[in-house]
Amino acid sequence: MAIEAKPLTSDQLRYWAKLLHFHEGSPQIYDEQFLLTSDQSEWSVDDIRRNSLALLLKDPTARCRFPARYLRLVKEGGIESEADSFKSCPEYLEFKRRVPVDTMSIIFASEHLTQPSSIMGHVMLSMSGVNSDGNKVDHAASFFTTLDFANPASLIADTLISGKPGFFIVQPLSKSLNKYLFSEQRNVWRYPLALSAAQLEMIQAHMWELGGAEIPYLFQSHNCATLSLDLVRLEVDDNEERRDWVSPIDVVRYADKHTLISERRVIASDRWQISMLQEFMSNDEAELADTWVASGGDVNVEQPLTQALAKKLARYRAVGSEISGQHYEQLQTASVAWPEVSLELTDYRDPLQSAPDSHVSTGWQRTDQGDWVTFNWLPAAHDLLDNNRNYFGESVLRLSELSLRAGLDGQGIQLNRWTLYETLALNPRDKLTGGVSGYFSLAFSRDSVASVDERMNLGAEAGVGTTYKASKDIGTFAMLGAGLQVTSDQLIPYLRPQAGLWIYEVGAMKSWLKIGSTLPATGESYYYGKFDHSIELGRSGLLTFGAERKTSKDMSMNSFNIAYRYYY
C-alpha cells in the first residue's frame, strides 16, 4: 500500500501526540530510536507518524518494536489488517502471556513524609489477568529514577534542570506493595479503570514500546505521574493539553473527572491502622496491646478491637526488626484463636479530597513600611494552610514558590520571597510507633536573622523535633532548627527554636499559632509570634488571614495580611 500523503485530521494529530509523548509541540522522550530520526527538524508529530508508517510498511518485523503504532495505523487504514499480526514477534507475545491485561488500575501510594522525593506520594498502573499457565497475576508499571541525597546541589540540578535517566519497568505488583505497605508503611489506594478490551490492548502495546526507550526524568515536568497520566490519557477522547506539572494524585483526579474509576479500594499500612484503631479506644486498652506484644502474648486480651491493635502492632514491630522472628511466631501462636476484625477504611481518608497541588493568590499586606498588594504563585505543591486532613500528618512541599509585592505608597514592585525548595513533615508521635518531625528550606527572602528589618538574603535551614496530636483536629509541635544566612556583606549561622499549634475548626476553617526565636551568631536575637487563619471557599478557593509580630531588644515590627488563594 502506498504511503498516505493527505494531512492528518485533528483527532489523529491529538492521538499521535499522546502516543509519541509530545507536550505543547515538543517531544518529552528524546530517544532517536523512539523518534525514528536524529534530525530535530523532523521532530514533529506528522513527520514521526509518517516515518513510522514508512518503516512498518517496509519492514514488517518493526511491528515487534512498535506494536502500538502498528495497531493505530491499522485502525486508521494506513496498513492493511492481518490475521495473527504478531506471530513473528516472540518476545512481545511472551510479554503479553506473562503480563496479561484483563483489567487495569491506578495505584496511588500515600505520601512518605520522611523522604522529600515521595512527600506527594507515588503513582503507577497495575495490570491484572490470567497468564498462559492459567494463574491470576498482577503486575505494576512504574517510572522512576535513582536519587543521591549526599549531594543536594547536584540532586536539585539533575532532577529540576538537566534531567536524570528514567527507568520504566514492569514487575510483580506484590514487590511494590510490600515496599510501600511494610518497608515504608505507606497506605495504598487502588482505582480500577473502566476500559474496554481494545483500549487495554493498546495501552499494553504502548508499555512494550516504552520499555525499550531512553526516557528522561525531571521532577517538575516528567515524573512518575506524568508518564502514568500519559498512558491513561492515550485511550481517552480528551481535547485538553495536559498541564506542565503533574502530581501523583492528579492522575487519579484525571481518571475521576473522565468517569474512568469504577470503584475504590484501600489497603492500609500497619502503622496507619495502629493509629486509626487508637482513636476508638482508651489509653489503657492501647497499653494492654503494647504489653501483650512485649510479653510474648502472656497477658489476656479480650476486646476484639484491642486484639486487632495487638496483632497489627506485633507485625509492625516484626517488620521493623523491633522484635525477633521467634518472638513474632510466639505472638502468632497466642492469637491464632482470635477472630478476624474487618476494618472499614474506605471513607477514613481520601486523597481525592485533598487540595490541588498548585495555586495562585493575591491580597493586601500592611507592614511598618506601608501597604502592599501581594501576589504569590506556588507551582507545586502544598502548605500548612491547606486542608491536610487526608494526609497522614501536616506537611509542606514548596518548589519554586514566588512571592511578589507592590507598594501602594510608591515603593514599586519587590521580590518578597523566592522559595527554591522547602519541605516540612509534622509526623504525629505515636506512643506505639514513634515518629520524628523535621524540615528543610532553601530560599531568598526578607526574613533577616540578624535583625527585624527586611533586607533580602539567601538562607538554608533545617530542623528536627516532635509533633503531638491531642485529637484528630488539634495538634502541637516543637522543633529546633539551625541555618546559615548569606547577606550582601555577612555569612551568619543561627539557631531557631520554635513551637506551634494547629486547629481544624467548624465551617471548613483552620488556624495556626507559632512562636519562636532566632538566635544568630552575630547581631540581635529576636522573638516572633505568628497567627494564620484560613477558610475554605468551595473546592478551588481559600481565604487566608495572617498577623505577625517580631520583637528584639531595641525595636519591633508588625505585619498583617489578607489574601484569596485559587487552586488549579
Side-chain angles (χ1 to χ4, degrees), residues 110-120 149 183-187 269-279 281-284 286-287 289-290 293-294 309 312-313 316-317 319-322 349 382-398 421-442 449 460-483 494-504 510-519 525 527-532:
S110 65
E111 74 282 2
H112 192 359
L113 297 181
T114 58
Q115 290 190 8
S117 63
S118 298
I119 202 168
M120 297 179 70
F149 293 100
S183 300
E184 298 179 351
Q185 292 295 317
R186 300 160 72 175
N187 293 339
S269 68
D270 289 336
R271 184 180 181 191
W272 189 311
Q273 293 189 61
I274 290 167
S275 176
M276 185 197 73
L277 284 166
Q278 290 179 82
E279 295 180 9
M281 64 180 63
S282 66
N283 288 334
D284 288 343
E287 289 176 3
D290 190 14
V293 173
L309 174 62
K312 297 297 180 185
L313 182 60
Y316 173 81
R317 290 184 174 168
V319 169
S321 300
E322 297 179 44
R349 285 184 177 133
H382 59 270
D383 61 27
L384 294 176
L385 290 178
D386 294 332
N387 183 344
N388 292 319
R389 288 177 184 267
N390 289 290
Y391 291 99
F392 189 79
E394 295 293 315
S395 64
V396 170
L397 179 63
R398 291 189 176 103
Y421 178 81
E422 180 181 1
T423 179
L424 176 145
L426 297 180
N427 297 310
R429 182 164 184 80
D430 186 283
K431 55 181 173 289
L432 298 181
T433 61
V436 177
S437 298
Y439 69 94
F440 172 79
S441 68
L442 178 65
V449 300
E461 182 178 337
V464 66
T466 188
T467 300
Y468 172 72
K469 286 192 73 173
S471 71
K472 66 177 182 179
D473 295 321
I474 302 174
T476 62
F477 74 90
M479 286 193 282
L480 176 63
Y494 63 93
L495 296 176
R496 194 195 301 269
Q498 57 182 307
L501 164 75
W502 77 87
I503 303 175
Y504 283 95
K510 183 181 183 182
S511 295
W512 276 90
L513 177 64
K514 302 174 189 176
I515 58 172
S517 62
T518 302
L519 312 173
S525 300
Y527 302 90
Y528 64 89
K530 186 177 183 182
F531 174 77
D532 290 292

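Index from 1, following the sequence.
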Q | Q273 side chain vs L309 backbone, donor-acceptor pair below 3.5 Å | A | no
Q. Could you give the distance from OG1 (T433) to CZ (R271), rounded to the nearest 0.5 Å?
A. 4.5 Å
Q | Minimal non-hydrogen separation, D430 against S275, with atom names | A | OD2-CA, 4.2 Å
Q: Supply the atom-to-atom distance E394 CD to N427 CG, rounded to the nearest 0.5 angstrom.
A: 11.0 Å
Q. Are side-chain heavy atoms of K530 and W512 found at a separation under 4.5 Å?
A. no
Q. With a 4.0 Å cut-off, would you call E461 and R496 a salt bridge?
A. yes
Q. Between atom CD1 of I474 and atom OH of Y468, what is the distance when rounded to the nearest 0.5 Å?
A. 10.5 Å
Q.
Rounded to the nearest 0.5 Å, what separates atom NZ in K431 from atom CG in D290?
A. 9.5 Å
Q: Report yes or no: does R317 contribute a side-chain atom to a donor-acceptor pair with the main-chain N or O of L432 at less than 3.5 Å?
A: yes
Q. If you take all heavy atoms of S269 and R186, which pair is closest and at what distance?
A. CB-O, 3.7 Å
Q) Is the backbone N or O of D386 less than 3.5 Å from a side-chain atom of K510, with the two atoms forming a donor-acceptor pair by type? A) yes
Q | Spacing of N390 atom CG and S110 atom OG [to the nearest 0.5 Å] | A | 11.5 Å
Q) Quick one: are Y528 and T518 in side-chain contact, heavy atoms under 4.5 Å? A) yes
Q) What pair of heavy atoms forms the shortest contact from Y494 to A460, and how long is it? A) OH-O, 4.0 Å
Q: Test side-chain contact (heavy atoms from CB on, under 4.5 Å) on R389 and D473 and set out the steps.
A: CA-CA 8 Å; R389 288 177 184 267; D473 295 321; 2.7 Å; yes
Q. Which of these, L384, D383, L397, sits in a side chain to side chain contact (heavy atoms under 4.5 Å, CB included) with L424?
A. L384
Q: Drop me the distance from W502's CH2 to L513's CG, to the nearest 0.5 angstrom.
A: 13.0 Å
Q: Specify the closest pair of heavy atoms between M281 and A286, including all atoms of both residues, with the distance to one decimal.
A: SD-N, 3.9 Å
**Q.** Closest non-hydrogen atom pair between G393 and P428, with its separation
**A.** CA-CD, 4.1 Å
Q.
Tell me whether Y504 contacts the main-chain N or O of N388 through its side chain, where contact means a donor paired with an acceptor under 3.5 Å.
A. yes
Q: Of all the heavy-atom pairs spanning A462 and F440, show the shortest one and how long it is.
A: CB-CD1, 4.0 Å
